[in-house]
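To keep things clear, I will list the structure first and then write my remarks on it.
Only heavy atoms go into these numbers, but all of them, side chains included; no hydrogens, no water, no symmetry mates. Here is the naming used below: chain letters follow the sequence lines, and residue numbers restart at 1 for every chain.
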Number of protein chains: 2
Amino acid sequence: MQRPTIKTIAQETGLSIATVSKALKHSPQVRPETRAIVVAAAERVGYELNMHGVQLRTGKTYQVAAIMTAPGPKQKEWEGVEYAQLLSGISWALEESPYRVSLYAVRSFEESVAVIRQIVSLKKADGIIVSGTRADDPRVRLMQEADFPFVTYGTTIHNDPHAFVDADNEQMIRHSVARLAERGHRRIALVNPQPELSYSITRLDAYRRALEVAGLPFDPALVSHGRLTPAFGRESVLAMSDFTDPPTAYICANEASALGAFSGFHARGLVHGRDAVINATDDLNVSQYFAPPITTYFLPIHEPSELLGSYILRRMEGEPPEALQALIMPKLIERSDDRVTPKA
Amino acid sequence: MQRPTIKTIAQETGLSIATVSKALKHSPQVRPETRAIVVAAAERVGYELNMHGVQLRTGKTYQVAAIMTAPGPKQKEWEGVEYAQLLSGISWALEESPYRVSLYAVRSFEESVAVIRQIVSLKKADGIIVSGTRADDPRVRLMQEADFPFVTYGTTIHNDPHAFVDADNEQMIRHSVARLAERGHRRIALVNPQPELSYSITRLDAYRRALEVAGLPFDPALVSHGRLTPAFGRESVLAMSDFTDPPTAYICANEASALGAFSGFHARGLVHGRDAVINATDDLNVSQYFAPPITTYFLPIHEPSELLGSYILRRMEGEPPEALQALIMPKLIERSDDRVTPKA
DNA sequence: TATCAAAATAAAAACGTTTAACACGATTTG
DNA sequence: CAAATCGTGTTAAACGTTTTTATTTTGATA
């Protein structure tokens with residue numbers, strides 16, 4: 001038995017395939033009674049639309065490309081694990097639509113540019129979701145010039161307006177610094193992502209401004225930049241805790257670097273809450289299991305990821321990008337007092 | 001300017017589209033010189049194969065469906081994070097092929113059965129990669145009955161032979177128990193995945209056998225089953241450490257539950273290496289950053305994931321499943337002595 | 001009842017590819 | 001030397017859909 005097509009239904013009903021096609025897509029050109037007959041026949045024979053036919057005819061792919069920049073296989077560090085949740089959130093948001101998530105794993109920023117160029121010029125997808133945005137992101141420009149629908153996870157700074165979803169890093173860092181300053185901290189370290197990333201700049205900016213408000217001096221030595229692995233968090237602590245005037249607080253950009261910072265504490269014999277504290281941003285709520293649990297700004301990753309999915313759908317339907325922008329403020333979860341007793 | 005097709009090349013060269021098509025796919029029916037001409041023309045006009053045409057004509061989708069069972073969005077636990085690396089590994093293995101990874105995120109086992117049934121009957125993909133196998137897995141039977149190419153991440157116990165990739169849980173647990181017994185442990189806990197999963201059974205079996213070899217009694221109270229979240233690892237420790245004769249070693253099934261176990265230690269005031277130790281299986285090499293670092297059986301996840309990718313390719317080319325089976329032995333990384341000083 | 005516009009349906013072409021069937025000259029074979 | 005075979009290319013049909021254009025049917029009006 002072959003899979004039924006509109007031809008099958010046409011024979012079944014005595015109508016032409018044109019009428020069947022129109023009836024199934026609710027064209028006003030076909031009479032309600034006729035549609036009813038067609039739908040009934042479709043039901044009866046178990047008809048399912050064959051996407052390959054419509055793809056060839058219409059040129060639409062019904063694919064949303066998710067660009068996932070993950071370190072190469074050599075890399076054995078804990079990095080980018082939040083992608084799993086991100087992808088499933090996107091996938092769920094597309095569930096009711098005919099669109100599917102198509103995965104493009106790339107190893108570097110350059111490769112992501114190339115892949116996006118290919119997707120755009122060869123129309124390998126109808127929309128793109130991309131993360132790891134830079135201050136001036138060439139990929140954003142590329143897609144804008146081609147008028148290709150896309151949503152970024154992360155803001156840009158110098159690009160024209162586009163659809164995006166991001167955590168409100170600005171507000172989060174200002175709040176975080178102010179809160180720590182209130183608790184008596186005068187040396188606050190910022191463990192920041194790679195400097196070329198847009199949110200790295202946003203965080204650094206907010207950090208400097210917040211220090212100023214709190215009347216604290218800015219010391220560039222208290223800011224580290226790097227790929228957000230545990231190794232990086234650890235190194236940051238190892239380096240900074242050797243200063244003659246070491247930090248008493250570390251603001252980590254994610255849970256991986258926070259875990260690494262803990263490892264640095266352990267290596268240096270530092271005790272959390274006595275010598276220094278760690279605060280973090282947390283997507284996966286894992287820092288509640290650290291020993292001791294730490295204070296975090298928690299943004300459950302399913303929120304931005306489902307937003308990404310619904311935004312790309314709306315964008316592909318032609319909605320203007322200005323209407324599709326979200327900054328989400330993570331929720332403060334205080335698991336520690338975060339005061340340190342000044343050494344005598 | 002329209003995108004060039006084989007028609008363009010045909011006009012360009014004066015050949016027929018049939019010859020062009022054959023030339024481009026290295027058919028022996030076309031003379032090398034003719035092929036050279038075609039290839040040159042294709043190059044010149046910037047021809048790229050349009051997949052929609054071939055999909056419609058051949059019925060092939062050039063999609064590999066990756067079924068990802070992830071907890072629903074409500075779920076705020078650290079779980080399934082290794083999927084990110086798994087997916088990128090698969091994606092990389094398919095890179096040189098025309099196949100793409102298409103993501104199907106599902107929330108439950110039942111949903112995964114339904115999704116697979118749909119993919120198979122509607123030919124929405126050419127191959128399937130599925131994980132979280134059960135002892136007798138209905139999805140495996142489904143795909144086998146339909147003669148649909150697939151590879152599982154994880155073994156089955158009661159199903160007919162099929163392509164799979166897995167860690168060698170049997171050998172790993174036996175080794176782990178023996179090693180701990182050698183070091184004087186007499187109460188060894190097994191923190192195991194959900195009991196219906198195939199590898200849960202394999203691990204439990206190996207555990208019992210290894211205890212027997214070591215001359216230690218089997219105590220069912222020392223085995224816990226659950227979803228491998230930090231919460232579960234924590235609960236396991238909280239419960240078992242209250243026993244009158246508590247375990248001195250915990251064998252955790254992944255890094256998430258190991259982290260949770262640490263959290264349990266902290267809550268109970270247990271010190272790692274003094275009161276008890278934690279061993280784990282680690283995909284992401286994150287346990288080196290625990291404080292203190294623990295002994296793990298490390299299987300870098302890119303190994304099985306790239307194997308999954310190449311296996312599904314070979315399976316789709318018709319290679320028999322018996323040739324596509326791999327059990328990988330994780331590498332022991334001893335980061336701790338793992339002896340505990342018996343209390344006086 | 002004849003006419004005509006509007007409504008409903010049908011016919012046909014097109015999207016880009018693969019492939020079975022065929023054609024035709026050159027080469028081998030009995 | 002005629003017949004069969006081979007090598008290389010062409011023709012034409014097909015995959016399932018959408019959409020433009022053409023045709024028929026319907027219902028209203030004169």
Query - Under 3.5 Å side-chain donor-acceptor pair for A/D137 and A/T156 - result: no
Query raised in the report: Given axes from five pairs at either end, by how many degrees does the helix from C/dT1-D/dA30 to C/dG30-D/dC1 bend, rounded to 10°?
Result: 60°
Report task. Going by the side-chain contact (heavy atoms from CB on, under 4.5 Å) test, name the single residue among B/T19, B/L15, B/I6 that passes it with B/V38. Result -> B/L15
Query raised in the report: Can a cation-pi geometry be assigned to B/R134 and B/F109, taking NZ or CZ under 6.0 Å from the six-membered ring centre and within 45° of the ring axis?
Result: yes
Requested in this report: Round to the nearest Å and state the distance from A/E33 atom CD to D/dT25 atom C1'.
Outcome: 14 Å
Report summary line: Atom CG of A/L15 and atom P of C/dA11 are separated, to the nearest Å, by 11 Å
Report task. Take atom CG of A/L24 and atom P of D/dT19, then tell me their distance rounded to the nearest Å. Result -> 14 Å
Report task. Return the value, rounded to whole Å, for the distance between atom CD1 of A/I37 and atom C1' of C/dA10. Result -> 16 Å
Query raised in the report: With no hydrogens and no angle check, do the side chains of A/R107 and A/T69 hold a donor and an acceptor under 3.5 Å apart?
Result: no
**Report entry** Presence of salt bridge, B/D160 and B/R141, under 4.0 angstrom
**Finding:** no
**Report entry** Polar contact flag, side-chain donor to acceptor under 3.5 angstrom, B/S131-B/Y83
**Finding:** yes
**Report entry** Integer-rounded Å distance: C/dA6 C1' and A/R31 CZ
**Finding:** 13 Å
Restricting both atoms to N or O, compile the protein contacts to nucleotides 16-24 of chain C shorter than 3.5 Å, with distance only.
residue, atom, partner, partner atom, Å
C/dG16, N2, B/G53, O, 3.1
C/dT17, OP1, B/Y47, OH, 2.4
C/dT17, OP1, B/N50, N, 3.1
C/dT17, OP2, B/I6, N, 2.8
C/dT18, OP2, B/S21, OG, 2.6
C/dT18, O2, B/R57, NH1, 2.1
C/dT19, O4', B/R57, NH2, 3.3

Requested in this report: Considering only NZ, NE, NH1 and NH2 on the basic side and carboxylate oxygens on the acidic side, decide whether A/R3 and A/E48 come within less than 4.0 Å.
Outcome: no
Query raised in the report: Which heavy atom of B/V54 sits nearest a heavy atom of B/Y62, and at what distance?
Result: CG2-CE1, 3.6 Å
